[in-house]
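Below is one structure, written out as structure tokens; the observations come after it.
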Amino acid sequence: MLLVTTIDDVRSALDAARAEGKRVGFVPTMGYLHAGHRSLMDAAVAANDVTMVSIFVNPLQFAPDEDLESYPRDLDRDSELCAAAGVDLIFAPDVAEMYPEPMWTNVHVSTVSEPLEGRFRPSHFDGVSTVVTKLFAIAGACRAYFGEKDWQQLAIVRRMVSDLSLPVEVVGCPTIREDDGLARSSRNVYLTETERGEAAALNQALRQGIEAIEAGERDPAAVEAIITAHIDASTSGEIDYVGVVDAASLIRPDQLAGDIRLLVAVKFGRARLIDNMGVRAD
Ligand code: PAF
């Protein structure tokens with residue numbers, strides 16, 4: 001496995017692989033890898049000839065009051081995990097390599113980036129779209145793997161790739177969960193023991209929402225109320241949002257139909273947890 005830190009080295013390695021007819025898989029990450037990332041790497045390694053993982057804590061997607069400085073980092077451990085997964089190349093640039101000058105370019109994907117997370121973290125998705133566009137430009141033609149846990153991010157990247165005709169096939173991979181249903185996240189380390197016990201309620205609440213839709217409920221507000229009630233009753237967390245929306249556009253319809261996504265964000269002290277699940281309403 002090769003660890004490179006410059007854009008030129010990534011381009012040379014991946015251009016050479018493509019010149020030999022090899023398919024490139026790409027897993028963009030911010031490091032501190034866990035089982036969720038491992039599932040993305042496994043999917044990439046299984047379906048491609050060469051797999052690259054990028055590890056870059058992207059300052060553009062953190063608001064000034066967020067955890068950029070304290071975001072967990074451990075490149076040695078991440079490298080071991082990548083090697084064990086069969087990854088061929090790690091791209092771990094520093095900020096100066098990615099942003100040698102102040103960025104005058106910003107990628108904004110309208111509509112899908114605006115509700116839910118977009119309301120609570122107004123600059124976050126522009127930071128994500130901008131760095132992902134840049135990473136795609138560096139990686140070149142590839143299949144890129146994203147976790148469904150960050151559903152809104154996945155929907156934004158899909159739309160951005162389609163709108164801009166980027167030479168990337170976006171692959172969404174299922175959320176990896178703990179035994180009690182808590183979605184794996186690098187930020188779970190911030191939970192206290194009590195909060196960790198309560199956090200499983202997010203997944204339980206989403207399941208209750210899905211059961212209601214499967215039983216015929218078609219009013220998104222009624223489903224949101226079921227989810228909210230369970231989280232309020234079972235946790236000390238503060239709900240940022242509960243959304244029951246169209247899975248691709250993230251627009252909340254009057255009546256649920258087609259592919260629906262149920263999304264929540266809850267603040268627990270230092271940790272802010274997000275989770276989502278999907279269902280079809282036919
Ligand atoms: O999901 C993440 O870890 C990040 O948002 C991403 C896609 C690597 C961009 O920095």
Side-chain angles (χ1 to χ4, degrees), residues 5 7 10 25-41 43-44 51-63 66-75 77-78 81-82 85 87 89-95 97-99 103 105-109 112-113 116-118 120-139 142-161 164 166 168-176 183-190 250 263 265 271-276:
T5 56
I7 293 170
V10 175
F26 175 29
V27 183
T29 81
M30 296 205 303
Y32 213 67
L33 306 175
H34 52 70
H37 297 110
R38 175 64 194 250
S39 75
L40 304 181
M41 294 188 245
T51 294
M52 173 171 82
V53 170
S54 65
I55 297 178
F56 178 61
V57 182
N58 171 37
L60 296 187
Q61 68 192 75
F62 289 77
E66 290 183 346
D67 56 347
L68 173 62
E69 295 311 323
S70 61
Y71 193 84
R73 293 163 169 90
D74 192 340
L75 186 57
R77 185 174 149 274
D78 288 347
L81 282 166
C82 288
V87 166
L89 183 66
I90 295 180
F91 175 42
D94 62 14
V95 174
E97 177 69 10
M98 286 294 277
Y99 304 125
M103 285 291 278
T105 302
N106 179 50
V107 180
H108 175 72
V109 183
V112 62
S113 69
L116 306 170
E117 282 296 293
F120 287 86
R121 304 178 74 194
S123 58
H124 172 68
F125 285 130
D126 283 10
V128 171
S129 308
T130 304
V131 80
V132 170
T133 303
K134 187 161 171 118
L135 288 167
F136 285 173
I138 294 165
C142 64
R143 282 203 191 103
Y145 294 77
F146 291 84
E148 289 185 352
K149 168 164 177 290
D150 294 300
W151 182 264
Q152 193 166 6
Q153 169 174 283
L154 173 60
I156 291 166
V157 171
R158 281 198 168 121
R159 182 65 190 220
M160 182 181 90
V161 163
L164 299 178
L166 300 177
V168 175
E169 183 188 331
V170 178
V171 182
C173 299
T175 302
I176 303 298
R184 293 279 182 107
S185 162
S186 306
R187 288 185 168 113
N188 289 351
V189 293
Y190 297 153
L250 274 73
L263 303 97
R272 181 174 180 278
L273 303 186
I274 59 171
D275 199 357
N276 70 86

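Note that the structure is predicted; figures quoted are calculated from it, not measured. Both counts, for ligands and for their atoms, begin at 1 and track the order of listing.
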Legend entry - Polar contact flag for Q153 and ligand 1 (N/O pairs, less than 3.5 Å):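 Yes; the residue has a nitrogen or oxygen that sits under 3.5 Å from a nitrogen or oxygen of the ligand.
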Inset, instruction - Go through ligand 1 atom by atom and flag the ones less than 4.0 Å from a non-hydrogen atom of V131. - result: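 By the 4.0 Å cutoff, the relevant atoms are 9 (C), 10 (O).
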Inset, instruction - Output the list of atoms in ligand 1 that are nearer than 4.0 Å to some heavy atom of T29, sorted by atom number. - result: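 Answer for ligand 1: 8 (C).
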Inset, instruction - Assess the side chains of Y71 and N58: does a donor N or O sit below 3.5 Å from an acceptor N or O? - result: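 The answer is no; no qualifying pair exists.
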Legend entry - Ionic contact status for E117 with R272, cut-off 4.0 Å: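 Here R272 pairs with E117 in a salt bridge, since their nearest N and O are under 4.0 Å apart.
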Legend entry - Rounded distance [0.5 Å steps], CD in Q152 versus CD1 in I156: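 Rounded to the nearest 0.5 Å, the CD-CD1 separation comes out at 5.0 Å.
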Legend entry - Interatomic spacing from CG in D150 to CD1 in I274 - rounded to 0.5 Å: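 The CG atom of D150 sits 4.5 Å away from the CD1 atom of I274.
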Legend entry - Closest to atom 4 (C) of ligand 1 among H124, K149, Q61, K134 (heavy-atom distance):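 Going through H124, K149, Q61, K134 one by one, Q61 has the nearest heavy atom to atom 4 (C) of ligand 1.
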